[in-house]
Structure formats: C-alpha cells, structure tokens
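Beneath this line is the structure, given in structure tokens, with notes to follow.
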Amino acid sequence: MRGQAQSSGSRGLVGWGRIPPFEGAAMVDAEIRELAAHVGEVVRIQGWLYNKRSSGKLLFLVLRDGSGYVQAVVFRAGVEERVWAAAEALTQESSLRVTGTVKEDRRSPGGVEIEVADIETVALCPDYPISPKEHGVDFLLNNRHLWLRSKRQHAIMRVRNELVFGIREFFYTRHYVNIDSPILTPAACEGTSTLFETDYFGEKAYLSQSGQLYLEPAAAAHGKVYCFGPTFRAEKSKTRRHLMEFWMVEPEVAWMRFDALLDLAEEFVSELVARILDRCQQELAWLERDTSKLEPATSRPYPRIDYGDAVARLQHKGFPTQFGDDFGGDEETALADESGKPVMITRYPAAIKAFYMEPDPVDPSRALAVDMIAPEGYGEIIGGSERIGSYEKLEERIREHGLPRQAFEWYLDIRKYGGFPHSGFGMGIERVVSWLCGLSHLREAIPYPRMLNRLYP
RNA sequence: UCCGCAGUAGCUCAAUGGUAGAGCGUUCGGCUGUUAACCGAAGGGUUGGGGGUUCGAGUCCCUCCUGCGGAGCCA
C-alpha cells in the first residue's frame, strides 16, 4: 500500500511506522465522509478540532470538517517533536490541517481513524464558549452561530437539507412549477394575524404571512405550482411550536378538488418521511430518534376525521370541547396519538377558518378545509383547503370578514377572468423537521431562530 | 397581553437568615488506546439592577430588567 511508510527513524516504528510529512507517499485532500474509501492511503484533512483526549505518549484528536467526524491518533514516538508540540497545543475548535494514514480500527468511533504524520495549525481557538458538557438554552441561543457546529445541530440541519431537497424533488417530478411569492406585501393575506410592518418609501408594507394568495394566479398560469419561502407572524407567541419567522412550502393546484387535495397531502408527507428514514439514518441515530415512531407515517392512508367526529371523540375523552371551537395543542395531540400516524381533520366550521375557503356543498356552514396533525404532540404540520371558485361568493366573504375590498381586487380577478376550482395547502418546514428529529422545540429546527425577545445573532 | 418558574465562577448547578461551594472548561503536572477519558494541583465571585427589613441577606419584602415554560393565535 502506498500509505505504508518506508522511512525508518531512530525512535522506532509504531503502527504503520513513522511517516515523513509531505514526502514519499502520495497525499490527497479528503473529506472525512469518504475516508473509508482511502484506507491505507495518506490523506490530508482540513477542519476543526472537535475534542481532544490525551494519554501520556498518545493523543486522540477528534476532527470535524463539516462532512463528518473522525478520530486522529498522534503517537509521540511516531512524529517529529514539533508535530507533537502542535498537537498538545491544540484547543477545542482550533482550525487545522492534518496529514496521516487512514486505518481501519475497531476502537475508533466510526471504524476508521487517521494515524497522524503532520499537523498544520491554521488558527488556535481561544476559550471556545461551548464545552462538551451541558449548557442552558439561553446561552446556546446567544451562541447559535457557534452552536451550529455541534454534532446534534449538525444532524438537524442535515435532516432539514434532505427534507427541503425532497420537497423540491417531489414537486419537480410531478411537473409542478416553483413560483415564489413576494415577501413584501401591501396588505394582510388573511386579515387576522398580526403582521410585521415596515416602511416602503413612505407607504406601509408588511412581511408576508403566506404566499398562497399570490400563488393562486400562478396556478391559472401553470396549473400546478408551489412556493417555498420564509413567512412572518408578529403574534407574541411563546411556545415550543412557534417562531416569528419560519419556512413554508405551499402547493396550489388548478382543478384539484378537496378529496384529491387530501390524497396529495398524504402522499407528500408519507413520501417525505420515507425519504428521511432512508437517507438520514446516521443523523437520526445521532439525534437518538426512535424511528419506530416515524415508520407508521410512511404507509397510507392516514386517518381522515370529520371535524364533527373529532369533537365527539374529544368530548368522549373528557375534553370540554364544543362544536365550533378550534382545537388547542392538547386536543390535537389526543386526536393524533390514537393511531400513531398523522391524522387529517376535515370540514371545519367556516367561522373559524379563512375567508377564501370553499364552503362544503353538503353543509355550507362548514369549509372544505383540512389540518394534518402530526403524532407525538408535534401539532399541525399542514393546513389547506379548496379555494372559493366563484366571484360572487368570494366577494361576499371579503365583505363578511370586513376586509378592504380594494386590496383584494387582483385576487377577485382570478375568479373574474376564467374562474376555476383549485386547492392547496401549506406545510411548515420547522414543524416537520422538529417532528422527524424528535426535537422538543422548534428553535433547533431552523439555523437562526427568530423568537419573541430574540433577534440575535 | 395573562398565568407560573428562574437569574450565584466562562458554562451547568449547590448553599436552615450566620466564613461563597462542586463538576465541566482554562492553566500546570501524570498516564501508550482514549470514547463527554481518567488522576493530582492551581486560578476563577460587586450572588441580574435598585431600594428595604435585620446585629447579620445569595436566602425575607418591594420594584425594575432579562430569560424560560404554558395560554391565546397559528404552520
């Protein structure tokens, strides 16, 4: 093998022997994730020191480079004195380049380790704030820019990345067109929620709380569309299920009726869960996620419960829920935990849903609306509906909700110029990441959480 | 906005109204296979701010600030 050093050295051979830095054997830059393919070779890793353990004449360096983690071993007798000194001086999160031979070793976490020949310290890290022990939430969030380097946070962001890619692939392969909605908007989308206000050259503008209204015109242009971007809610929510800024994916489909929408939501979620289980095994293991809790969500169908039945079930369980109420967190949890799968609650009273939702033809006091509730207390991950197709009906709803008609002229135009049935839903990314990863709070599901009283870093 | 909890070393937390403590991190020393390594030593404090009760306050009271959990609202 090329990596096996031929050099001797008066200090004697250890392991593969003393390896002269940058001479003799071929050396390649490698990412840690691909080290298993380089066993026996001399490679160079560029990264940071994650942790260090020493044992006299032996030093263990845990390196990370973003692609993974690997243990590097420095034998005092096997390297030049300056290399040993460099290794001893390394502090947590110092940046460095390590050259050495890749070896299989059962004692090493990951099965592969690097026998160090040379160390180039790029920058010593002084007093890294996040030690390998426990920390409080406030402290970690103040250091979110550094916390992202931690193994657990690394794993969560990998799952999020896989989810986002899965979402885009799901729609792309089904010939949906990505049409993004504006973030700066002139008026409230749904009228009720509190919006972040900003100055737009002397006019008031608001940060979008949903891309949906802008997506409906695009559905008339392309048939099947989706948007995917950040949305903003200025509600002073202080719960583990809320962020001020979160990401939402919203498909909107021309000619799709309510029942087909339910099928779409179900197919969407089940495929995404299966994808994560398949492709993020390592990450879920690091997160100690009990994946048996996710397995049921990979198979369809999901239970579909009529709102009226849901109320009856809750009352049977002892909740004080009345017909006409919206469900709280505990009620959602009780409904979803019956089957261990996400459940879809359908046909809510129109009074507690948005103005643009199509009335149920059987009972016009109900809306063709659906909420999908994730199990294990993760709450609503999807909210959707069939949209009102008729100009007159929408006009009436805008009036009933006391919305400024002028601001919705363009929205009414969709019904005026060739109205059509259409449906869509929105899915909150962080809630799904949170559920998949088994997080106890949404704040870990987004790189830089925006919460009440927190805008730093 | 409302209800509840908390703020002590860089970090996580102890401390009947009576001398301010531990673990981790840091520094120094030891150890040739560690897995959040371990062992020994050292350094590290205006107990969130202000006011009050008391011989004496980290501890009790008032007030403000900050954070956390929950409710409402929602994804």
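Numbered from 1 within each chain, the chains take letters A, B, ... in sequence-line order. Side-chain atoms are counted along with the backbone in the values below, which use heavy atoms only and exclude waters and symmetry mates. Just so you know, these numbers come straight off a predicted model, no measurement behind them.
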Side-chain heavy-atom pair A:Asn51, A:Arg53 within 4.5 angstrom cut-off: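 Side-chain contact under 4.5 Å: yes.
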Got a sec, which residues hit side chain to side chain contact (heavy atoms under 4.5 Å, CB included) with A:Ala310, two or more places apart in sequence or on another chain?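 Counting only residues at least two positions away or on another chain, A:Ala310 forms a side chain to side chain contact (heavy atoms under 4.5 Å, CB included) with A:Ile305, A:Phe327, A:Leu335, A:Ile345.
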Residues two or more places apart in sequence or in another chain: which of them pass side chain to side chain contact (heavy atoms under 4.5 Å, CB included) with A:Gln282?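 With sequence neighbours excluded, A:Gln282 shows a side chain to side chain contact (heavy atoms under 4.5 Å, CB included) to A:Trp286, given in chain and number order.
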Which nucleotide, [options], lies nearest any side-chain atom of [X]?
X        : options             : result
A:Ala77  : B:U27, B:C74, B:U32 : B:U32
A:Ser237 : B:A36, B:G33, B:C73 : B:C73
A:His242 : B:G33, B:C74, B:G67 : B:C74
A:Arg240 : B:U27, B:G70, B:C68 : B:G70
A:Thr239 : B:C68, B:G72, B:G33 : B:G72
A:Asn453 : B:G67, B:C74, B:C31 : B:G67

In whole Å, what separates the P atom of B:C55 from that of B:A42?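 Result for the P pair: 39 Å, nearest Å.
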Spacing of the C1' atoms in B:A20 and B:C2 (rounded, Å):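 Straight-line distance between the two C1' atoms is 38 Å.
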Salt bridge or not between A:Lys353 and A:Glu386? Use side-chain N to carboxylate O under 4.0 Å.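 A:Glu386 and A:Lys353: not salt-bridged.
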On the nucleotide B:G33, are OP1 or OP2 found under 4.0 Å from the side-chain N or O atoms that A:Arg76 carries?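 For B:G33, neither OP1 nor OP2 has a side-chain N or O of A:Arg76 closer than 4.0 Å.
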Does the separation of the ring centres of A:Tyr206 and A:Phe196 fall below 6.0 angstrom?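 Not close enough - the centres of the two rings lie 6.0 Å or further apart.
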Less than 6.0 angstrom separating the ring centers of A:Phe425 and A:Phe268, yes or no?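 Ring centroids of A:Phe425 and A:Phe268 are less than 6.0 Å from each other.
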Using heavy-atom distances to pick each residue's nearest nucleotide on RNA chain B, tell me which of A:Lys57 and A:Gln92 is more 5'.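 On the 5' side of the pair lies A:Gln92.
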In terms of the nearest nucleotide of RNA chain B, which residue is placed more toward the 5' end: A:Glu331 or A:Arg443?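 Its nearest nucleotide being more 5', the pick is A:Arg443.
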For RNA chain B, produce a single dot-bracket line, 5' to 3'. Pairs: Watson-Crick or G-U wobble, both distances under 3.5 Å. Symbols: ( ) within strand, [ ] crossing, | other strand, . unpaired. (((((((..((((....[..)))).(((((.......))))).....(((((..]....))))))))))))....
Go through the structure and list residues passing salt bridge (Lys or Arg N to Asp or Glu O under 4.0 Å) with A:Glu113, not counting sequence neighbours.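 Expected list: none.
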Mind listing the N/O atom pairs, protein and nucleotides 7-14 of chain B, below 3.5 Å?
from	atom 1	to	atom 2	distance (Å)
B:C11	O2'	A:Glu134	O	3.2
B:C11	O2'	A:His135	ND1	2.3
B:U12	OP1	A:Gly136	N	3.0
B:U12	O4'	A:Glu134	O	3.3

Which part of the nucleic acid, if any, lies within contact of A:Glu113, taking any heavy atom under 4.0 Å across all strands shown: a base, the sugar-phosphate backbone alone, or nothing?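 The answer is base, as A:Glu113 lies within the cut-off (heavy atoms under 4.0 Å) of a base atom.
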So A:Ser54, base contact, sugar-phosphate only, or nothing? Heavy-atom distance under 4.0 Å.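 Base, at least one base heavy atom under 4.0 Å.
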Could you list all the side-chain hydrogen bond (donor to acceptor under 3.5 Å, both in side chains) pairs where at least one residue sits in residues 140-150 of chain A, not counting sequence neighbours?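 Matches after skipping sequence neighbours: A:Glu93-A:Arg149, A:Asn142-A:Arg454, A:Arg144-A:Gln153.
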Angle class for the A:Phe171/A:Tyr176 ring planes (parallel below 30°, perpendicular above 60°, tilted otherwise)?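 Because their plane-to-plane angle lies in the 30° to 60° range, the rings of A:Phe171 and A:Tyr176 count as tilted.
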Distance check needed: B:U34 P versus A:Arg106 CZ, whole Å only.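 Rounded to whole Å, this separation is 15 Å.
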Euclidean distance, atom CG of residue A:Leu455 to atom P of B:G67 [Å, nearest integer]: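 Interatomic distance, CG of A:Leu455 to P of B:G67: 12 Å.
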